[in-house]
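What follows is a set of notes on a single structure, which appears directly below.
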There are 2 protein chains.
Amino acid sequence: MAVAYERIADELRAAIRAGELKPGDRLPAESKLAERFRRSVPTVREALRALRDEGLIEKQHGRGNFVRRPRTPALRSNLRHQWEKGRAREPLAERAQTGATEHDTGLTVGDLVFHASYRTIEAHRDLAEAFGLPEGTALLERTYRTRYAAENAPFSLVTSYLVHDLIARNPALLDESNEPWPGGSQSQLYSVGIELDRVEERVTARPPTPEEAAELELPPGTSVLALRKTSIDLDDRVVDVSDVVLPGDRTELLFTTPLERW
Amino acid sequence: MAVAYERIADELRAAIRAGELKPGDRLPAESKLAERFRRSVPTVREALRALRDEGLIEKQHGRGNFVRRPRTPALRSNLRHQWEKGRAREPLAERAQTGATEHDTGLTVGDLVFHASYRTIEAHRDLAEAFGLPEGTALLERTYRTRYAAENAPFSLVTSYLVHDLIARNPALLDESNEPWPGGSQSQLYSVGIELDRVEERVTARPPTPEEAAELELPPGTSVLALRKTSIDLDDRVVDVSDVVLPGDRTELLFTTPLERW
DNA sequence: GAGTGGTCTAGACCACTGT
DNA sequence: CAGTGGTCTAGACCACTCC
């Protein structure tokens with residue numbers, strides 16, 4: 001390891017892994033580390049930055065560098081889709097009680113704060129492809145933000161697209177003030193006679209855009225899970241495309257695949 | 001935006017998003033940018049580092065900074081599990097032809113290079129929990145590396161764990177030189193009378209450890225998808241736990257959830 | 001060899017945190 | 001107020017790429 005900042009990073013990393021520095025501990029000040037390793041402060045900072053990018057430490061301006069505590073991630077299971085489908089035709093009182101997110105997380109409706117806004121757009125290429133429809137098709141774009149009542153930052157950024165003409169039969173679906181709709185999207189689709197056959201979810205990981213990092217209040221160096229959910233109805237039509245951005249360090253996606261018997 | 005390097009990053013980011021700088025283009029040299037923005041070179045480098053962390057540019061030592069081309073990711077679908085299950089009992093000749101990875105990617109066996117190594121370990125807490133067995137239970141740890149024949153870096157790091165006593169009935173399963181086993185793990189389990197009921201996959205995103213970054217040849221700033229796959233048999237026993245690390249920028253996970261009819 | 005990014009120094013000043 | 005990290009300068013030398 002020829003490079004000075006890597007040697008410093010290695011030594012600190014080893015100390016953390018060995019448990020000499022425990023989660024929550026403050027590291028020595030950057031100037032102290034510079035003395036100890038006989039390097040300039042910027043060189044020490046380079047090493048600390050590497051450790052931060054690995055998620056091992058957290059910088060707190062004016063306070064110090066701290067060993068990070070492991071996160072207990074929120075769970076999101078694909079069983080939610082079947083659960084939501086079963087619930088879509090229940091009586092209103094039943095549907096209003098719990099949403100899919102509460103079902104996943106074990107929280108109650110009061111623990112979450114929900115915000116939605118709608119607008120009508122024309123499909124650009126990416127979306128037109130996902131729907132299998134021509135570019136320019138009218139879509140209803142719905143933007144959702146859900147957060148814990150006790151926290152400021154939402155834990156997911158969701159943008160959902162519906163084919164405008166498919167849902168226009170029920171004008172209530174075009175009005176954002178009806179959100180949150182009891183029973184979720186599948187209940188909304190049920191109101192215009194659409195039943196889902198399956199849900200496809202595509203998952204990738206990437207660094208957040210600066211906008212996403214700001215909205216989710218992501219510490220620098222954390223990545224996001226980008227999930228594109230496609231809902232397909234009994235006629236094999238794509239009826240909903242949703243882009244979901246989740247903080248990588250506090251989300252766990254669970255997918256259960258049942259297998260047929262031999 | 002009070003800070004100098006953010007103003008520089010913003011201007012370059014805008015140019016890239018607007019298409020003034022196209023994928024593959026080289027940015028002006030760091031010294032030129034420093035002149036243009038009337039800032040020192042380290043400040044310009046700070047801005048470039050931010051863009052690299054967002055995945056927008058790529059640094060090439062001695063050549064320059066380049067606008068990154070979007071990656072075409074490898075696909076991994078959960079339909080593979082059912083496909084593999086159907087194949088597990090086929091005749092050897094059939095099984096040897098194609099594996100699940102080839103099925104996903106559309107490649108043939110010759111396009112991929114495969115490496116496996118085995119050792120026996122005792123379950124530590126994390127694994128014991130996943131299996132629902134006491135700590136210290138003997139496990140067979142199997143490490144897999146698969147890469148494209150044309151590339152040096154593997155596209156996945158897989159560590160799989162099997163309960164030693166469950167599979168010891170068939171000594172061939174304890175010998176790494178029998179890999180790649182035609183038909184995959186489900187075929188191996190079939191040879192000791194185990195049939196899978198379902199597969200659960202837990203997905204998170206995180207920065208790579210330095211070791212993972214080196215092995216996968218990840219450009220700095222990219223994140224990995226960490227997938228823990230749990231295979232459960234008809235008796236509700238956990239028979240396999242696999243940890244899969246995939247490069248976030250060139251992997252897309254596809255999960256299909258079929259829904260029951262109303 | 002010319003041009004590029006990679007590392008490093010030694011110090012300055014600012015912004016934030018806690019007493 | 002003292003102590004901490006955040007930003008920035010101006011310049012040095014090294015390592016790599018390409019001609």
Side-chain angles (χ1 to χ4, degrees), chain A residues 1-13 16 21 24-68 152 210 213-214 217-222, chain B residues 1-13 16 21 24-68 152 210 213-214 217-222:
Chain A
M1 210 60 62
V3 214
Y5 78 86
E6 282 181 3
R7 287 203 311 96
I8 301 174
D10 285 346
E11 190 162 327
L12 293 173
R13 189 185 301 114
I16 292 172
L21 291 166
D25 279 3
R26 211 195 72 190
L27 274 62
E30 301 182 344
S31 53
K32 304 284 182 213
L33 289 172
E35 265 178 54
R36 183 167 117 203
F37 290 102
R38 297 168 182 283
R39 294 288 164 179
S40 71
V41 169
T43 300
V44 168
R45 288 178 59 77
E46 188 67 25
L48 293 174
R49 185 203 295 269
L51 296 178
R52 192 207 57 185
D53 287 350
E54 290 164 31
L56 284 178
I57 67 166
E58 189 174 343
K59 297 186 149 275
Q60 293 186 30
H61 193 169
R63 304 217 314 127
N65 294 289
F66 296 82
V67 180
R68 244 181 154 181
N152 287 317
E217 289 180 9
L218 291 178
T222 49
Chain B
M1 211 57 65
V3 214
Y5 79 87
E6 284 182 358
R7 287 205 311 98
I8 300 175
D10 286 346
E11 190 160 328
L12 294 173
R13 190 185 300 114
I16 292 170
L21 291 166
D25 280 3
R26 210 196 72 190
L27 274 62
E30 300 182 344
S31 53
K32 304 280 182 217
L33 288 173
E35 266 180 52
R36 185 168 116 203
F37 289 102
R38 298 169 180 283
R39 294 287 165 180
S40 71
V41 169
T43 300
V44 167
R45 288 178 58 77
E46 188 66 26
L48 294 173
R49 183 204 295 269
L51 296 177
R52 191 206 58 186
D53 287 349
E54 290 164 34
L56 284 177
I57 67 165
E58 191 173 343
K59 298 185 149 276
Q60 292 185 30
H61 194 170
R63 304 219 313 129
N65 295 290
F66 296 83
V67 180
R68 242 180 155 186
N152 287 318
E217 289 181 12
L218 291 177
T222 50

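We use all heavy atoms of the structure for the numbers below, so side chains are in, but hydrogens, waters and symmetry mates are not. Order of the sequence lines fixes the chain letters, A, B, ..., with proteins taken first and strands second; residue numbering starts at 1 for each chain. Just so it is clear, the model here is predicted, and its values are computed rather than measured.
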Please confirm whether the shortest side-chain N or O distance from [X] to OP1 or OP2 of [N] is below 4.0 Å.
X	N	answer
A/Asn65	D/dT4	no
B/Ser31	C/dG5	no
B/Arg63	C/dG3	no
A/Tyr5	C/dT7	yes

Can you tell me how far [atom2] of [N] sits from [atom1] of [X], to the nearest Å?
X	N	atom1	atom2	value
A/Arg7	C/dC8	CZ	P	9 Å
A/His61	C/dG18	NE2	C1'	13 Å
A/Lys32	D/dG5	NZ	C1'	14 Å
A/Glu6	D/dA15	CD	P	14 Å
A/Ile57	D/dT4	CD1	C1'	14 Å
A/Leu33	D/dT4	CG	P	11 Å
A/Glu30	C/dC16	CD	P	16 Å
B/Arg49	D/dT7	CZ	P	11 Å

Nucleotide nearest [X] when distance is taken to its side chain, options [options]:
X	options	answer
B/Ser40	D/dG6, D/dT9, C/dG5	D/dT9
B/Arg26	C/dC8, D/dG5, C/dT4	C/dT4
A/Ala4	C/dC8, C/dC16, D/dC16	C/dC8
A/Val3	C/dG6, C/dC8, D/dG6	C/dC8
B/Ala29	C/dT4, D/dC8, C/dT9	C/dT4

**Request:** Would you indicate whether the side-chain heavy atoms of B/Arg13 and B/Ile16 approach each other to under 4.5 Å?
**Result:** no
**Request:** State, with a plain yes or no, whether a side-chain heavy atom of A/Asn65 is found less than 4.5 Å away from one of A/Leu33.
**Result:** no
**Message:** Considering every strand and a 4.0 Å limit on heavy-atom distances, what is the contact class for A/Glu46: base, sugar-phosphate, or nothing?
**Reply:** nothing
**Prompt:** So what does A/Arg39 touch, heavy atoms closer than 4.0 Å: a base, only the sugar-phosphate, or nothing?
**Reply:** sugar-phosphate
**Short N-O contact, B/Arg7 and B/Asp10, less than 4.0 angstrom** = no
**Asked** Does B/Lys59 come within less than 4.0 Å of B/Glu30, counting only side-chain N to carboxylate O?
**Response** yes
**Prompt:** Measuring from A/Leu27:CG to A/Leu21:CG, what's the distance to the nearest 0.5 Å?
**Reply:** 5.5 Å
